Amino acid sequence: MDIQLDRNDTTPLYRQIVAHIMEGIALGRYPAGTSLPPERKLAAHLGVNRTTVVAAYRDLVATGRVEARVGHGTWVCADLMDDANAPPSIVWQTLFTPAAGRLRESALRDMMSAIDRPSTISLGAGTPAPDLFPIAEYREAVTQTLETWGAEMFRYGEVAGWLPLRRELAAWMAQAGVHTTADQIVVLHGSQQGLDMLTRVLVEPGDAVVVESPTYLGALQTFRGAGARLLPVPLDAHGMQIEILEQTLVRHRPKFIYTLPTFQNPTGATMSLGRRHALLALARRYGIPIVEDDPYGDLRYEGDPLPRLAALDTGGGVIHLSTMSKIFLPGLRLAWLSAPLPVVEAITMARQTMDVHPNSAAQRVLHTFLTRGWLAAHIAELRPAYAARRDVMLAALAEYAPPGMTWSQPEGGYFLWCRLPPGVRARALATEAAREGVSFVAGDVFSPDGGGRDHLRLNFTGNREAEIVEGVRRLSVALRRLQRDPVYDATETIAAARPVV
Ligand code: PMP
């Protein structure tokens, strides 16, 4: 089989192999019954890894024009095009862009999240408490907004977001000490969209981006999807280790520094005031922007609040992302960013080909909610409820967890970050825990550099207290069983693709 691979082409090698063989079939070079070379032989012939040929054959089989049977090899099968049930003739895998390929690789890793049987208690998802959603107030806000705005609510709107809402969000940020203007605000459908937009306008394949290690999975996926080179900087209980950051900045000149300074996802760590100042000074010295992702900043349960990086910044070098998902209703998909004007300009341009503008009706209802003071009141209710849930989880861990397991004690946010007893892997535990009826997120998915295999993230906000206790009890049962009968090669169960939030 004369396959010419072009190693300078950005199309992955396995897809070049697929394209060649499908072309050969289409042109009659490989008629039905032609045997394809054994994987190992073709790999050796082409000078590629065997996994490359395995991936190519897998995609070929998916087209329906190639069949494979263990022990019998792989061969071209008959053209079923005359058959009404014929498989589609388009080989999608050969058409996707390199960026789509990169996303697919990482998405597969993330499907490990939960095997959600109805009886499973999920300590995995970073969700607010559905039992505390302010439904009555929301209904009232919808009614009032409809009465006030009528048909206006459903018209096309401004790309950056409805101006009165942007003004209101600027006032909301001013209360947190961040001085910004409506012009500097872009309303988003989720802060994940903000990460995506910023990446579109700032990152080209090969560009470097600084991330904390570990960090939010959705950001890692976005940056990886854009072909960024990730530069991990380790994190301790006081946030990103700024001493290490400086060497990275000098050596790699990254496009930006992505940080979650307050109640970090997944660790719950909060960057100290000293480090906040040091980070801003360093970033300014080297002229590198900071992206401050701040979904949890309003959810402090004890201790003194620390100023946002955007509040401390005097050099116009911070892009601040905030979201309604963790303090209000995640399904509304409403968030916003505040950024220097050139950034706002670039992303509003980019947005025109994406979703045109944010949902007009949802923005107006949120505006009503904010101006009535209902959001502040809702957050004031959430804080003690979430603090109590956190304490219940801490107490349950103290009661049930086996010796050798340790966990963080965050002053706010959504997550505990747990270290497993020596020798236990989080992925193996996930399988055991699923049998026991509890799920969590294994730590390695948050790692830009292969760490975190002995860690797991537990969410304490999404369940009622009794479920939290039962979830931790089940987890401990699974953990003790695994310690008794270690599983070294746990099968990872692939559930439906769902985000790890
Ligand atoms: N950033 C961080 C740090 C998060 O934890 C999340 C959600 N868990 C997001 C961004 C995305 O949130 P959303 O798109 O719902 O605003």
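Side chains are part of it too, since the values below use all heavy atoms of this structure and drop only hydrogens, waters and symmetry mates. For ligands, and for the atoms within them, numbers begin at 1 and follow the listed sequence. Everything numeric here is computed off the predicted structure, so don't read it as measured data.
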Less than 6.0 angstrom from the centroid, inside 45 degrees of the normal: does Arg457 satisfy that with respect to the ring of Trp417?
no
Which of Lys255, Arg229, Arg253 passes salt bridge (Lys or Arg N to Asp or Glu O under 4.0 Å) with Asp207? Answer is Lys255
So between Ser191, Gly331, Ala125, whose heavy atom ends up nearest atom 12 (O) of ligand 1?
Ser191
For atom 1 (N) of ligand 1, the closest protein heavy atom turns out to be Asp293 OD2, 2.6 Å
Electrostatic pair Arg166:Glu158 at N-O distance under 4.0 angstrom:
yes
With a 4.0 Å cut-off, would you call Glu399 and Arg473 a salt bridge?
no
Output the list of atoms in ligand 1 that are nearer than 4.0 Å to some heavy atom of Thr323, sorted by atom number.
13 (P), 16 (O)
Can a salt bridge be assigned to the pair Glu467 and Arg464 using a cut-off of 4.0 Å between side-chain N and carboxylate O?
no
Using a cut-off of 6.0 Å, state whether more than 12 heavy atoms not belonging to Arg453 lie near its atom CZ.
no
I want to know if ligand 1 touches Asn265 in the polar sense, i.e. an N/O pair below 3.5 angstrom.
yes
Any heavy atom of Pro295 closer to ligand 1 than 4.0 angstrom?
yes
Which ligand 1 atoms, with their elements, are less than 4.0 angstrom from a heavy-atom of Ser325?
13 (P), 15 (O), 16 (O)
Whether Glu432 and Arg474 form a salt bridge (side-chain N of Lys/Arg under 4.0 Å from carboxylate O of Asp/Glu) is what I want to check.
no
For Lys326, the ligand 1 atoms with a heavy-atom partner under 4.0 Å come out as 7 (C), 8 (N)
I'd like to know if Arg351 and Asp196 make a salt bridge, using a cut-off of under 4.0 Å between side-chain N and carboxylate O.
no
When you look for heavy atoms under 4.0 Å from ligand 1, do you find them on the side chain of Leu188, its backbone, both, or neither?
neither
Ring centres under 6.0 Å, that's the criterion: do Phe133 and Phe328 meet it?
no
Please could you name the atoms of ligand 1 that Arg333 approaches to less than 4.0 Å, counting only its heavy atoms?
13 (P), 14 (O), 15 (O)
Tell me which protein heavy atom sits closest to atom 3 (C) of ligand 1, plus the residue, atom name and distance to 0.1 Å.
Leu260 CD2, 3.1 Å
Ligand-residue contact atoms, ligand 1 with Tyr296, heavy atoms, under 4.0 Å
4 (C), 5 (O), 8 (N)
Is there a polar contact, in the sense of an N or O pair closer than 3.5 Å, between Tyr258 and ligand 1?
no
Quick check on contacts: which atoms of ligand 1 are under 4.0 angstrom from a heavy atom of Gln192?
11 (C), 14 (O)
